[in-house]
Amino acid sequence: MLCIIIIFANRMSEYNFSEIEKKWSEHWQCHSQYAVSEELSKPKYYVLDMFPYPSGAGLHVGHPLGYIASDIFARYKRLKGFNVLHPMGFDAFGLPAEQYAIETGKHPAETTNNNIERYKSQLKNIGFCYDWSREIKTCDPKYYKWTQWFFLKLYNSWYSDDTNKAEPIESLILQFEKGKKNSYEKPWNELTELEKQNEISKYRLAYKSESYINWCQALGTVLANDEVVNGLSERGGHLVERKLMSQWFLRITKYADRLLQGLETVDFAESLKEMQRNWIGRSEGAEIDFKIDLLQDDIIKVYTTRPDTIFGVSFMVLAPEHAIAEKITIPQKSKEVADYINYCKTRSELERKSEIKDISGVFTGAYCIHPFSNKKLPVYISEYVLTGYGTGAIMAVPCGDSRDHTFAKKFGIEIINIFENTDVSFQAYEEKSGIITNSKSEIISLNGLNINDAKNKVICEVEKRGIGCRKINFRMRDAGFSRQRYWGEPFPIYYKNGLEYAYSLEDLPITLPQVNSYKPTGDGKSPLSAIENWVNLPGGFERETDTMPGYAGSSWYYLRYLDPHNESEFCSKKNSDYWNQVDLYIGGAEHAVGHLLYSRMWCKVMFDLGYISFDEPFKKLVNQGMIGGEVFYFYYNQEKREAYSNNLPIDKSNLLQFKVPNEYVSDEETFEENGITSFCNEFIQFKDFKFLKSNNTFTFEKAITKMSKRLRNVVNPDEIIAKYGADTFRMYEMFLGPIEMDKPWNTKGIDGVSRFLKRLWSYCIDENGKYIPDESKPCEESLKTINRTIKKISDDIEKLSLNTCISNFMICFNELQSQKCKSTEIFEKYFIILSPFAPFIAQEFWHKAGKQDSVFNCEYPEIDEKYLLDDTFNYPVSVNGKTRTLIQFHKNAIQADIEPIVLSDEKIKKWVDGKSIKKFIFVKGRIINLVIE
RNA sequence: GCCCGGGUGGUGGAACUGGUAGACACGCAGGACUUAAAAUCCUGUGGCUUCGCGGCUGUACGGGUUCAAGUCCCGUCCCGGGUACCA
């Protein structure tokens, strides 16, 4: 009986995280602890996470990394007196759900909602302070009604170069009516409706045009880039080719300059800004017309950023898609050219850009005329020239461009050098400085000019002659906004007789109809096109059957959180004025260009149209790194039917690799007991294999990759939380390393954090569950410790250096422990600063300490500056840069005080050993260094 | 290919603006407690060398700048992300 009581008492005193976490979760939910409203009396702060796509694999330990960081920051800001908005939602339209629907026939809405529920319960386990009453799902018609509304705003707007902003399309029509030139060169009111539409279409921010897609004839569908591997479909390995299709686009290029300028006003990592700048790719150059030999009426217009190199041109290159390519090809070459163009259709843009070591191309047999020298220049077609950039044609300068150089070498074309004092016989001279030479004709001479002056002279000359002009170009293209898919927002557009009509706000949302099959229609159209009673409208009208891409909903979601239940507006002006920009946005660097550029553009459009009063959505952005999962491989020989342990001395170069699902791998990274047998039961292709071991173990090669369902290396946070608790999980994720760095997941290290919280618990709570710290006066040392920790933690949170925060909590507690500190005055401060990291245990301590209110309603403790400074500093003293000893000096000591003491120090005397001292370096508060011979 | 990151003990990582490399943890080794194990606590722990004091060496690799380099500069290698329809 006694025994039982003792055991019971012991159990009472243990840190029972599951009980504590359950209790406070329920308590906070009942008291709507995290609901926020627009409190004008407090300064606001908006902390946002990039919302997840709810995949079928569930949340893995990589997702919460950023969420935990932002949660800590949100809770910290709250302690600092801010009214903090911290919402969460789901990016719920997407390809995987549709693919799953094709395979299983289950409606994507159903699977998506199941996945969302799973994600939500997983997120709720981790103790985030999200205001769930503001949750959004992009696939919810109540949400996508407004995504469609945004589309209509883009559709019904144009970019005015006069006012340099987006304006309603009516102002454009008014200008046309007043006589603004149109491309039909007829008065506006004499144009047909179709002509008017075509003309306006050239201005709309959302417009229809043609572009290439990945078409797979065998699957009868359009494929996403990542569904294409080496020119073949990932599923089935069928041939994929590029096909021209009519699609919706967003005219983001009109915002290129403002997207560049806006970067100066936001706090993003410099590297990320650089990526965006490169993506936008602003370049200054010229368009120059080249006459074609034997063809009177046509010209080839090239874009070049290096007009200064015009005398270095020795050939011309057209993109395979260039409209004139076939026309100029001479009959003897037409078969060869047609074959080459067909080959290019099977090549992805990525392949075309990257595989330039062995550059391909074909001669058309045609020649251009050099505008200044009248020299004949052969015209080639090559895939390294892309149709979407510039004019789709280049003047090739092998002496100044490495791709042109490679091409010239391969096709035996002359390399003309025009740079003074350079040798271009082996590689191109690509520096942006130098003097031009060998560049003279009857018309112009560039000899002796530097590159910039030569550029200007050439541009002036071509402009004077009317054969070209100065031109600013962007690498960025207008954003493709159509998908031939079911699971996306339908366009609020319908047609009749080739004319487009837009729905109005009252008609929204245009909801997705039920379909019987999610399979592609085989003709490249979306599955929606097969539903006749949805497509066909009364009066002979037909709906648009494409849907919007995944980034549509995510381009504006940060605004919907501000007013999520508003049914008459996407967000009231009052709310968007109060919450304003996102103050801190945390998410993966993989969205560096796509999502971030689109949402920045949409924000600017809404700003231009007066719906919001800021033109950058995200004030500060932090990119979290990826948490990789472990994958284990073994090598095998198919013919010999042998598999080899990694610790055998084998030559892996001719062997095949096999990834083993992680459940077969033991903690020692070998096959589990009987693992080989059960492995072969699943992967029967290895049934008759010999598994060759070394030292009686079969070990694997390890690598770190993305966690994915397919590799079966997903680590589920639920399991970790069940075993260690949410507080430990949160702290451990932060303890792993700097937030923005990629890192591998390894559960082994979690014991350190777990032990820390257990030690803290048993230090503060006795066997009977009573709170130990008392009213005793803290000692000087403990006051130093806690004040320094408060300072360090708040400095580090502001920098989002959360891994060092965890270390400092440990260091602080280790110090308090060795000081035998029992003062509740100290510990209460400690619990407050700990609460953003480990909210449950902090609240439990707070409660045990007899406090009635919540630890989250406290104020962040003040720092008493007097405890931060030391009177003395332990100077490292080095001789010739190598530290030899430490000597303590007063912090105000100057070199004159210090020098004699240092020189008479025994250790230092030994190292100086009578040699003369050339220099005595004293850096106050840092170091002393003696330079001797 | 191009653009952007990263590379520090057996492992995750720390190191302010160039100023004691390896904080804080994990793991491992030894010890205490226990009949035993687990848990917990204590000690040690980059490598080489030395009985020890100590010495040498060391931040992917090769150079450079500096009194002083993980940190700055030049070159190389490897790994990750993006490359426009994965999200």
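- Residue whose closest nucleotide on RNA chain B sits further toward the 5' end, between A/K882 and A/I750: A/I750.
- Note on A/I213: a base of the nucleic acid sits closer than 4.0 angstrom, heavy atoms only.
- Between the side chain of A/K743 and the main chain of A/M741, a donor-acceptor pair closer than 3.5 Å is present.
- Residue contacts for A/P52: at a heavy-atom cut-off of 4.0 Å it reaches no nucleic acid atom on any strand shown.
- Regarding contacts with the backbone of B/A84, every side-chain N or O of A/R477 stays at 4.0 angstrom or more from both OP1 and OP2.
- Taking every side-chain heavy atom of A/L350 into account, B/G1 is the closest of B/C24, B/G81, B/G1.
- Among the atoms of the strands shown, base atoms are found under 4.0 Å from some heavy atom of A/V923.
- A 3.5 Å limit on both hydrogen-bonding distances identifies no Watson-Crick or G-U partner for B/A87.
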Inset, instruction - Test side-chain contact (heavy atoms from CB on, under 4.5 Å) on A/E234 and A/V228 and set out the steps. - result: CA-CA 5 Å; A/E234 193 185 29; A/V228 183; over 6 Å; no

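- Between the base of B/C67 and the side chain of A/N929 there is a donor-acceptor pair shorter than 3.5 Å.
- The residue A/W911 sits close only to the backbone: its heavy atoms come under 4.0 Å of sugar-phosphate atoms, none of a base.
- When distances run from any side-chain atom of A/D751 to the nucleotides B/C86, B/C85, B/G27, the shortest one goes to B/G27.
- The residue A/R403 sits apart from the nucleic acid: no heavy atom pair falls under 4.0 Å.
- Nearest-nucleotide positions on RNA chain B place A/N814 closer to the 5' end than the other of A/N814 and A/K919.
- Within the 4.0 angstrom heavy-atom criterion, only backbone atoms of the sugar-phosphate kind lie near A/R755; the bases stay farther away.
- Contact annotation for A/E740: no contact, since no heavy-atom pair falls under 4.0 Å across all strands.
- B/G58 is unpaired under the criterion used here, namely a Watson-Crick or G-U wobble arrangement in which both key atom distances are under 3.5 Å.
- Contacts of A/V877 with the nucleic acid, taken as non-hydrogen atoms under 4.0 Å apart, are absent.
- Across all strands shown, B/G27 forms a Watson-Crick or G-U wobble pair with B/U45, both key distances being under 3.5 Å.
- In the displayed structure, A/K891 atom NZ is contacted under 6.0 Å by more than 12 heavy atoms of other residues, nucleotides or ligands.
- Heavy atoms of A/G594 sit nowhere under 4.0 angstrom from any nucleic acid atom.
- At the heavy-atom level, A/Q99 lies nowhere under 4.0 Å from the strands shown.
- Within the shown strands, nothing qualifies as a pairing partner of B/A68 under the Watson-Crick or G-U definition with both distances less than 3.5 Å.
- Taking atom P in both B/A25 and B/G46, one finds a spacing of 16 Å when rounded to whole Å.
- Shown here, B/G5 forms a base pair with B/C79; the pair counts as Watson-Crick or G-U wobble because both key distances fall under 3.5 Å.
- A 3.5 Å limit on both hydrogen-bonding distances identifies B/U40 as the Watson-Crick or G-U partner of B/A32.
- Closest to the side chain of A/P744, from the set B/C67, B/C85, B/G12, is B/G12.
- Both the sub-6.0 Å distance and the 45° axial angle are not jointly satisfied by A/R242 relative to the ring of A/W215.
- Nearest nucleotide to the A/M810 side chain, out of B/C4, B/A21, B/A25: B/A25.
- Residue A/S482 is classed as a base contact, given a heavy-atom separation below 4.0 Å to a base.
- Here the nucleotide nearest the side chain of A/E590, chosen from B/A23, B/A84, B/G82, is B/G82.
- A/H595 comes within 4.0 angstrom of no nucleic acid atom, judged by non-hydrogen atoms across all strands.
- Using the six-membered ring where Trp is involved, A/Y119 and A/F90 have ring planes that are perpendicular, over 60° apart on the 30 and 60° scheme.
- At a threshold of 4.0 angstrom between heavy atoms, the contacts of A/L736 are confined to the sugar-phosphate backbone, with no base atom among them.
- Using C1' as the reference atom, B/C67 and B/C78 are 34 Å apart when rounded to the nearest Å.
- Nearest to the side chain of A/R884, among B/G1, B/G55, B/U20, sits B/G55.
- Listed nucleotides: B/G1, B/C85, B/U20. Nearest to the side chain of A/I927: B/U20.
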